[in-house]
Amino acid sequence: MARKQVREGAVQERDFFQDVMDVVRLVPKGRVTTYGAIARYLGAARSARIIGYCMNSSHAVRPPVPAHRVVNRNGVLTGKHHFPDNAPMQKLLEAEGVHVVKDQVERFHELLWDPMVELDFQE
DNA sequence: TCCATGACGAGAT
DNA sequence: GATCTCGCCATGG
């Protein structure tokens, strides 16, 4: 993140990328969250795309980011294609007890971990 | 510096 | 209710 073009209404501190990584790491094992939920939590409600785009670079981030716990609003593993063959997104999820059928998380609504709710957003 | 792109979401048709 | 279109804005070329 060479440039920090922080704008009003968006991120107010740190890099957007860092914030995204931070929130994703907070997702408990066995739970999943959505790009939109993260976006809203960061104050960029309509910037869900950026969350996904940032995830593109998450592979080189340390500590590792549990990107497999992030799916789209339908509970679909849209980013599975970005995972290495030795650690498929679905495999990682099922290893945590999350059942995936046809690239879709079962019981999605129950497993959904919304930072706005779980972290008791109060700002 | 400007342009195109993208692991999305919500409203419109 | 299924599909299409547009908006959003950080990254990379």
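In what follows, chains carry the letters A, B, and so on, assigned in the order in which the sequence lines appear, proteins first and then strands, with residues in each chain numbered from 1.
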Without decimals, in angstroms, what is the distance between [X] [atom1] and [N] [atom2]?
X	N	atom1	atom2	answer
A:Tyr41	B:dC8	OH	C1'	20 Å
A:Phe16	B:dA7	CZ	C1'	14 Å
A:Tyr35	B:dA10	OH	P	15 Å
A:Ile38	B:dA7	CD1	P	15 Å
A:Asn56	B:dG6	CG	P	9 Å
A:Arg46	C:dC9	CZ	P	9 Å

Residue A:Arg31 excluded, over 12 heavy atoms near CZ under 6.0 Å | yes
A:Ile50, nearest nucleotide to its side chain (from C:dT11, C:dC9, B:dA7) =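 The listed nucleotide nearest to A:Ile50's side chain is C:dC9.
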When you measure from the side chain of A:Thr34, which nucleotide among B:dG9, C:dG12, C:dA10 comes out closest?
-> B:dG9
hbond_proxy A:Arg49 side chain to C:dG7 base (donor-acceptor, 3.5 Å cutoff) | yes
Mark yes or no for a side-chain to base donor-acceptor pair under 3.5 Å between A:Tyr53 and B:dA7, with no hydrogen or angle criteria applied.
->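 By the distance-only test, no, there is no pair.
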A:Val70 side chain reached by A:Val32 side chain, heavy atoms, under 4.5 Å | no
Is a donor on one side and an acceptor on the other found under 3.5 Å between the side chain of [X] and the backbone of [Y]?
X	Y	value
A:Asp85	A:Pro88	no
A:Thr33	A:Trp113	yes
A:Asp114	A:Met116	yes

Atom pairs and distances, side-chain donor-acceptor, residues 96-109 of chain A, under 3.5 Å, sequence neighbours left out:
residue	atom	partner	partner atom	Å
A:Glu96	OE1	A:Gly30	N	3.2
A:Glu96	OE1	A:Arg69	NE	3.0
A:Glu96	OE2	A:His68	NE2	3.1
A:Glu96	OE2	A:Arg69	NE	3.4
A:Glu96	OE2	A:Arg69	NH2	2.8
A:Asp103	OD1	A:Lys80	NZ	2.9
A:Arg107	NH1	A:Glu110	OE2	2.6

Considering only heavy atoms, which members of residues 71-92 of chain A lie under 4.0 Å from some atom of DNA chain B?
-> A:Asn72, A:Arg73, A:Thr78, A:Gly79, A:His82, A:Phe83
